[in-house]
Amino acid sequence: MPDYFKNTGVKYLNMGINETRSILPFDLPNCFWWRAPSGEKLLAFRADHYMTGNFFGMESPSIKEAKMLEHLSDLDAKKYPFDKIGIQFSGYFTDNAPPSTAACRLVKEWNEKYEMPKLKLAVASEFFEYVEKNYADKLPVYQKAWLDWWTDGAGSASRETAEVRKMQNLKQVDEGLFAMVAIKGGELNPNLQAETDHIAENAIFYDEHTFGADESIDRPYSENTAHQWLQKGAYAWEALKMQTLLHEEALARYQPFLKKADFPVIHVINSLGWKRSGIVKLFVDFQVLPINRPVKIIDLSTGLEVPAQMIHKRAEGAYWEMEVKDIPAMGNKTLKIELLNEPILLTTEDPKLDELENKFYRLTIDKLTGAINSLYDKELQRELIDTQNPWKIGQAIHETMPSRRKYEPVHTSVSNVKIETGSYGSVWKSIKISADLAGMGKGADKSQNGLDVEIRLYNNIKKVELKYTAHKQIITDPEALYVAFPFALPDSRIVFETIGGTLTQGDQMPGSSSDWNVAQNFVSVRGKTGQIVIVSDEIPLWQFSDLNMGKFERYPKRGKTWLYSWVMNNYWFTNFRAYQEGGFSWSYQLTSSRDTSNTFATKFGWGERNSFPTRTFPAAAKNELKEVLSESLKIDGSTNVLLVNSRPALNGKDAVVLHFRELEGKDADINLSSLVAGRDIKLISIVNAMGKKVARSSASLHFNQFEVKFVELEF
């Protein structure tokens, strides 16, 4: 057993299987070594159903002998390789049951009556210890992803799922901010760990795989259904509420390291581990950044003007997007707000209703659907849409089924499409589309269409953004909503970010989820000469190559590079929501490049989903701003090592923990050094995920292919 898993405390993985709306990996219970791309492995067991023992009556007055012996006979027929097996059961015959003492009496009576098979009540590890001791070198090894069939349920509560996704990225940003405070020697709240644990616990309880009562579909309006969903949904809103408050605390703790000047300034912070450029979103009071007179935003490190565009305004201020370049890793950059005594110049660009173009892309809009029917990449000199697909880029698809147990989908799209000019500014220009769509209707105030879409083309960066708003009607008949992205590149395949790394379509355990997939931060269409990368901050579910409901492929293969974002559904017949309602907004950001690396796709995805915190200060008399760029930690070396997360160490230590991952399957080296005066690194240790020390290290760290390391820096 590799030291990595021993020292993290992760040694065995025990799985109970429920075949509902899925197919089973393996045709019998199976122990195997599950190997990560890095080569590390752990001992896993695909058991039978998590209530197999209940099928034998382990919580009842007596054991059903025939049922048990029939099961054991079936294992023999399938050539089960061991003379022991671990059987799971619940305290009574239902999911998530508390323990029961009935099994103690039943096991005792059985063993007194029968010579074999013998029964024993045991903890899960006992079976693993037996297998490891007797069969460790005889077990099969699998280096495949095990994708979950039940993740489609997240689409039955799209609003809460979106908020938890965004909250988790904000948590990542804020932990980085707190780590920067710690590196600089700032003061941290002694209750910080308890607060972050509380947020994480709520997010985990929301992400647990079911979303409501067993009667949630048959009786969607019952009191029990309402109570259970409100309790479940409350975990999402509690996590969001507490993380929003913690975000303000993170900025307040970092604020002493930001300086004022005798002119208004905006400090832009990057709490991730690499130098980033991107779109900064912020709210600024009119007294600091007025909209009734010309202003310039100046990057004080370069003297260049920063493109800025107002999104919308309130009574006291406005929301802006600014295009900021080269914000230092785990550092910040300062912008100057410069008020001008010149007339406001209006744009003279002639807007078009069906075309947007910049130096990177030329896209045209189909007037019947409002979707993109051509996306030409000037760098790759290629059309990126596959015209063989009946759907176009960004086209909404409504799907219905005759029943939840009969997969015969019917697909329709938008009607009554209206196209109008959007915004034309220094950051982006856009086209707006409104349309009718089945399942969607006007809000109570009649201010919304069935579906509104804004397509933005950024002026100076290679990015297209699609922003959607819909008003969902309450419908309990089975239905779903998709958005199509039928891309095409020569000799390409679909690659997406899953938990802890990247995965190519079809490279998974046979029998694991193939009708749909969950992407963490990006999906890529990747060929030999380029790749297209798409990100959604809100929507995790995707169907690849086709609309796949009901295929249940045991051996999925790589297919066409057609992507379908699965926005929402109500397809489960139990435990999930029967309907969704009200306004909901979601978005996609896409780019393309000659760079076909995991690193490019990962950093684009993470960069889009992890925001840049900001602090804006009004002019302060007699304040001289000496530092316009600030960094707290320097990470030199291979660019294919990603800083996944940074956070202060546990137990109030003057230390931070850094979580790294190698992305490309290549050996890599990095060097760490403090950039804060008087804050030298005293000790570097390799730790596990819980912060327990594994080994001492130098400032130079070596990574094997796809290796993950947790590193503690003490100051």
Using a strict cut-off of less than 4.0 Å between a Lys/Arg side-chain nitrogen and an Asp/Glu carboxylate oxygen, indicate whether [X] and [Y] qualify as a salt bridge.
| X | Y | result |
| --- | --- | --- |
| R661 | E707 | no |
| R165 | E163 | no |
| K166 | D537 | no |
| K709 | E662 | no |
| K603 | E608 | no |
| K467 | D452 | no |
| R647 | E175 | no |

Give the ring-plane orientation class for F26 versus F32, where under 30° counts as parallel, over 60° as perpendicular and anything between as tilted.
tilted

Should the pair W586 and F584 be assigned to parallel (<30°), tilted (30 to 60°) or perpendicular (>60°) ring geometry?
parallel

So, does [X] use its side chain to make a donor-acceptor pair with the main chain of [Y] at under 3.5 Å?
| X | Y | result |
| --- | --- | --- |
| S512 | Q508 | no |
| T498 | L503 | no |
| S403 | K406 | yes |
| N570 | E479 | yes |
| N569 | D152 | yes |
| R404 | W572 | yes |
| E538 | S587 | yes |
| Q228 | F211 | no |
| E223 | H227 | no |
| T574 | D214 | yes |

Any chance you could measure [X], atom [atom1], to [Y], atom [atom2], to the nearest 0.5 Å?
| X | Y | atom1 | atom2 | value |
| --- | --- | --- | --- | --- |
| L246 | L170 | CG | CG | 8.5 Å |
| F604 | L590 | CZ | CG | 7.0 Å |
| L43 | S125 | CG | OG | 11.5 Å |
| N191 | N189 | CG | CG | 5.0 Å |

Does R46 form a side chain to side chain donor-acceptor pair (under 3.5 Å) with N30? I'd like the steps, not just the answer.
CA-CA 5 Å; R46 192 285 262 173; N30 189 30; over 6 Å; no

Let me see the working for K281 and Y319 under side chain to side chain contact (heavy atoms under 4.5 Å, CB included), right down to the final yes or no.
CA-CA 7 Å; K281 302 176 183 181; Y319 291 89; over 6 Å; no

Which atom of [X] lies closest to which atom of [Y], heavy atoms considered:
| X | Y | answer |
| --- | --- | --- |
| R577 | A157 | CD-CB, 4.3 Å |
| V687 | V711 | CG2-N, 4.2 Å |
| P648 | A179 | CD-N, 3.9 Å |
| P220 | T225 | O-CG2, 3.4 Å |
| A203 | V164 | CB-CG1, 4.4 Å |
| T161 | A154 | OG1-O, 2.9 Å |

Within the 6.0 Å centroid threshold, strictly below: [X] and [Y]:
| X | Y | value |
| --- | --- | --- |
| Y235 | Y206 | no |
| F127 | F45 | yes |
| Y468 | Y588 | yes |
| F576 | Y571 | no |

Any side-chain donor-acceptor pair under 3.5 Å between [X] and [Y]?
| X | Y | answer |
| --- | --- | --- |
| S90 | E59 | no |
| R609 | N169 | yes |
| E215 | S222 | yes |
| H198 | E238 | yes |

Is it the case that atom [atom1] in [X] sees more than 12 heavy atoms from other parts of the structure closer than 6.0 Å?
| X | atom1 | result |
| --- | --- | --- |
| E187 | CD | no |
| E248 | CD | yes |
| R554 | CZ | yes |

Check whether any side-chain heavy atom of [X] sits under 4.5 Å from a side-chain heavy atom of [Y], and report yes or no.
| X | Y | answer |
| --- | --- | --- |
| H398 | H411 | no |
| W542 | Y564 | no |
| N610 | Q172 | yes |
| S646 | M330 | yes |
| Q88 | D48 | no |
| D515 | W149 | yes |
| I269 | L251 | yes |
| K472 | M568 | yes |

Could you walk me through whether E454 and L466 pass the side chain to side chain contact (heavy atoms under 4.5 Å, CB included) test, one step at a time?
CA-CA 6 Å; E454 183 178 20; L466 296 90; over 6 Å; no

Check whether Y221 forms a cation-pi arrangement with R219 (NZ or CZ under 6.0 Å from the six-membered ring centre, at most 45° off the ring normal).
no

Charged tip of R405 within 45° of F573 ring normal and under 6.0 Å:
yes

Let's go through F89 and F55 carefully: what are the C-alpha distance in whole Å and the side-chain angles of both, what is the deciding distance for ring pair (Phe, Tyr, Trp, His ring centres under 6.0 Å) to 0.1 Å, and is it a yes or a no?
CA-CA 9 Å; F89 70 100; F55 304 153; over 10 Å; no

Decide yes or no on salt bridge (charged side-chain N to carboxylate O under 4.0 Å, His left out) for E712 and K653, but give the supporting numbers first.
CA-CA 10 Å; E712 183 182 79; K653 293 171 63 176; 2.9 Å; yes

Run D207 and Q168 through side chain to side chain donor-acceptor pair (under 3.5 Å) and show every step you take.
CA-CA 11 Å; D207 286 337; Q168 288 167 329; 3.1 Å; yes

Would you please test K232 and E160 for salt bridge (charged side-chain N to carboxylate O under 4.0 Å, His left out) and show each step?
CA-CA 10 Å; K232 176 74 174 189; E160 285 76 10; over 6 Å; no

Take E497 and N521, measure what side chain to side chain donor-acceptor pair (under 3.5 Å) needs, and give me the verdict at the end.
CA-CA 6 Å; E497 186 181 49; N521 288 299; 2.8 Å; yes

